Each structure stands twice: as C-alpha cells, then as structure tokens.
There are 2 protein chains.
Amino acid sequence: MYVSTPPKFGQTIAPHSRPRQDFRRAAPQTRSLAEGAHLFHEGDAARSLYIVNTGILRLIRYQENGQRRVLGFCYPGDAAGFPLDGRHAADCEAVVPAQVAILKSNGLQAGSIHPRLQQKLLDAALQEISCMQDHFMTLGRKSATQKLASFLLLCADRIGRPLGGCTHFDLPMPRRDIADYLGLTPETVSRAFTQLRNMKALMLDHIYTVVLLDRALLESLSEDAD
Amino acid sequence: MYVSTPPKFGQTIAPHSRPRQDFRRAAPQTRSLAEGAHLFHEGDAARSLYIVNTGILRLIRYQENGQRRVLGFCYPGDAAGFPLDGRHAADCEAVVPAQVAILKSNGLQAGSIHPRLQQKLLDAALQEISCMQDHFMTLGRKSATQKLASFLLLCADRIGRPLGGCTHFDLPMPRRDIADYLGLTPETVSRAFTQLRNMKALMLDHIYTVVLLDRALLESLSEDAD
DNA sequence: CGCGGTCTTGAGGTATCTCAATTGGAGTGG
DNA sequence: CCACTCCAATTGAGATACCTCAAGACCGCG
C-alpha cells in the first residue's frame, strides 16, 4: 500500500480537454529530462520557451527563508518558461521523465519572430493567465478537502483515463508538491485524502493511483465553500 | 478616524517602478468609469483590451455559492481584459473613478493585428503572468499580517508618494476587497492592520490613508514565514 | 535484510473564522 | 445646524480548521 517514489509516466498520456497551441512546426528540437532534472532556474536568461510533449513539469519558487512554493504543473501541451524582462522567474523541474519541445525565442522580447508564432505565444500566455486565475479561486478561503478536490478534478481533466465507468490517473507528484501547490502541509493533504476516501469520492489503489468514484461529489465539494 | 467610503482618486497618480507598455498610439479612444461601474462582465465577448490611464480597477470572480474573490487590481499602466477563447473570464469594475484606453482587439484571436501591437500585448501578458506568480507567493502559507504587509508594499510601489521621508498612499479599496484578494475575512484584515500599527510599521491617518513608517520591517515580515 | 524516505496517523497548540456588539463617520432630512 | 439613519471598520469571545511535532507504517533500494 505504500510506494516511496511516484510511478514512472510512460510516453502515452491521454489528450486533454482544453484547446491548446500546436507548436510542432516551429519547434522541431526536443529535449529529454530525467526525473527531477531541472529545465531552467530562476534568474536564468530566457533563451527559449518550452512545450511539454510528454511527462510533467513543475514550476517552483523559493522564499528568502527557504519556504518552497509550487506555482504550477505543466502537463503535455502546456507551455513553460514565459520570461519576464528576458529572465525566468521560477525554477522548472521534471516531476517525472519528460520530453519538451524547444522554441528558440531570442526574439521574444525583440519582436523579431514570425507573426504567426507570436500569435501562438500570445494565445499560450492568455491560456496561462486563465489557468492561474482558476488556481486563485482554489487558494483563497477554501478548506483543505475542497482544495484537494479541485486539484484532483484538474488532474482528471489533464491526465485522467477511463476505467470501467470511472476516471483514474497516476498522481505523478509526491504529497509535498501538492501541499506546496495548494498552500497546505503534507500532513493536511494526507488527511484530506483520507477524508475523501471515507466519503467514497475516490479510491487510492497505490498512494499514487487515484480512482475517482464520485465525480459529482468532488465537484460539489470544490464549488461550495460551506 | 472613520470614513465610510474610500477617498476619491485624483487624476494625478505617481509613476510606478515597473516597466510597462506604451499603448498610446494604438489606443486613442478612452472611456471613463464612475466608481463601482463595471467595464465588462464574466462571459462577455472580449472585443477590446483596456489600459488603465487613471484610477484603479478590480477583477472579480464569483463562485457558485456566491463567494466573491478579487483576482487582482489594475493600477495605471496595467492592462485588463485578457480574453480566453474570445471571452472575458472575470468581472471588471472601477474601484474608484477611472479612465481607460480602449484597444480594439477583434483580431486579437484572429492574428490580424499589427505585429508591433501584438508584441506589446504579449509583453503585457507576460507582465501579468509574472505579477500573478508573485501573488501566489503571498497567498499560500503566510499569516494574515504577512499577507497584508506584502499587499501594502505592492500598493506602495504602485501608488505610493513620498511624504516627509516616508511613503504614503490612499487605499482606494474597502477592507472587503483586500480580504477577498488575500483570501482572508475583513475582520482578520482589520486585526492585521491593528497589529501593524502596534508594531509601528505604519500609521492610519484615516482608515484609507496609509503612511509606511518602517518599510524594512514590512519587508522582513513579508519575506520571513516564521 | 536493514536502512532511508515518504506517507499516514495521533495529540496538542495556534491562527483564523464565525457571530455579535460597538464605534465612528457620511449622508439625509428636518 | 443638528439629529438621525445607514454602513463600514473595529473589537471581542468562542469554535474550528490547520499547523507543528512526533511516532508508526510501509515500501524501494542497497
């Protein structure tokens, strides 16, 4: 019932519901990342934008006191590495082995790139903004169980696969990541999992394999704040 | 010592530290908003992007149960109204009387706009992403006092003006807005103000006029999580 | 098979929320 | 000009959810 490391993600991940940009023509180059390998660090000059092909990335920022915060996860199809003033504003690591497409973007600041590519970049950035806004709704004034429910529904949309009438997926990240993403402690995340299990909203086959039993229940949880 | 409505913002607001886009040529049209007037609603077709000239806007989203969340404030120079799939994803209202420049953006999705304008839009979107990431750092696992300290420092950067060696500014929004922005209750925000006052970090001339006495103290507060 | 790390579970402390009462000021009408 | 109402902000007391610290369970790995 216990596994100390998240499951290895294969190269096959289900398509996701959201519309997203197709950068294949613009980015023939790819790069493979081992589990835990970093793609870039905070402060690095941003020479490229990356599109996740397979695997999952996490964006991390540390505070002065060393506290870690997970700003977001990048699933296949997502863009990572949006620069600010030509620099990356966060660390980016592979949660599981991943492959990313590389978009050379020296001109991303200079305006020297192809208009159609720029259009795709803008659309990707707008998508990112919308996605972050959704996350804001999750972070403020919600209980731990509600936050976890929201997070799991998001996971289901992005990496869920059907399993006998239900949706299931392998959580690629450890509890610590989820906690730092939701603004909780790992202990509280664990307790929230237990609570959702007791409510029969989900099952945990391993600790990293989630089977959603009652999606409606999770949705009503994530929506109602009391 | 008590004022029931936020102060009226004049047309003169100090310039801000952040670099931002200059849309003046592209957007000769402007629109004036009375206090509380809405600029657009969630779900509206996004025909324009807006640049704040004067005043302050707030982006708001409501949950199914009616809970309100303030996603962000738009200060002079900021862009508001980034669309997702051609629609606005949040309500936008004027916190105080405001004037915005209108950027017709029918082609924002179609890619038919001028490359240089598109470049500015992309830069504005990247700025927005970075700004939201900063807010994430504030929302998770920080005490109420730390959140408020972070927020006030942000205000000081955007609308602060020097006053006898200190920085001061008029808080344009009521406590409820600050609470919904920081994921707290108005009562807790009020208590956090009292605590910061007791620490001699700031003074409240009216309840809406903040004078920062000890910026270093606020900064150490907002950075250290314990 | 034992070590190391992650996850879970428990007990107690603490910060925030909730509910309620009070204060203070602005706007209104006499 | 003053009394009144209305509303936001403040303050207080109690309940509650989460954090902290600690121990135990479980598994992968050497």
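The analysis underlying the following values was restricted to heavy atoms, covering all of them including side chains, and did not include hydrogens, waters or symmetry mates. Just so it is clear, the structure is predicted and the values come from calculations on it, not from any experiment.
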Among D/dT11, C/dT18, C/dC7, the nucleotide that comes nearest once only the side chain of A/Tyr208 is considered:
C/dC7
For B/Lys142 and D/dC19, give me the distance from atom NZ to atom P, rounded to whole Å.
16 Å
Looking at A/Thr185, I'd like to know whether one of its side-chain N or O atoms comes within less than 4.0 Å of OP1 or OP2 on D/dC19.
yes
Between A/Thr194 and C/dT9, is there a contact of a side-chain N or O with OP1 or OP2 at under 4.0 Å?
yes
Take the protein atom NZ of B/Lys147 and the nucleotide atom C1' of C/dA15, then report the distance between them rounded to whole Å.
11 Å
Aromatic ring pairing A/Phe73/A/Phe151, orientation class (parallel under 30°, perpendicular over 60°, tilted between)
tilted
Most 5' of A/Ser143 and A/Glu187 on DNA chain D, judged by nearest nucleotide:
A/Ser143
Tell me whether the side-chain N/O atoms of B/Thr188 come closer than 4.0 Å to OP1 or OP2 in C/dT16.
no
Per atom distances to the A/Arg191 side chain, the nearest of C/dT8, D/dA9, D/dC19 is D/dC19
With the side chain of A/Arg141 defined as its heavy atoms from C-beta on, choose the nearest nucleotide among D/dT11, C/dC17, C/dT9.
C/dC17
Distance, rounded to the nearest Å, where A/Leu171 contributes CG and C/dT8 contributes C1':
16 Å
To the nearest Å, how far apart are A/Phe193 CZ and D/dA25 P?
22 Å
Could you check which of D/dC19, D/dG12, C/dT8 has an atom nearest any side-chain atom of A/Leu204?
C/dT8
Whole-Å distance between C/dT14 P and B/Gln146 CD?
17 Å
Candidate nucleotides C/dT16, C/dT9, C/dC7, ranked by approach to the side chain of B/Leu184 - the nearest
C/dT16
Against the six-membered ring of B/Phe136, is A/Arg61 placed for a cation-pi contact (under 6.0 Å from the centre, within 45° of the normal)?
no
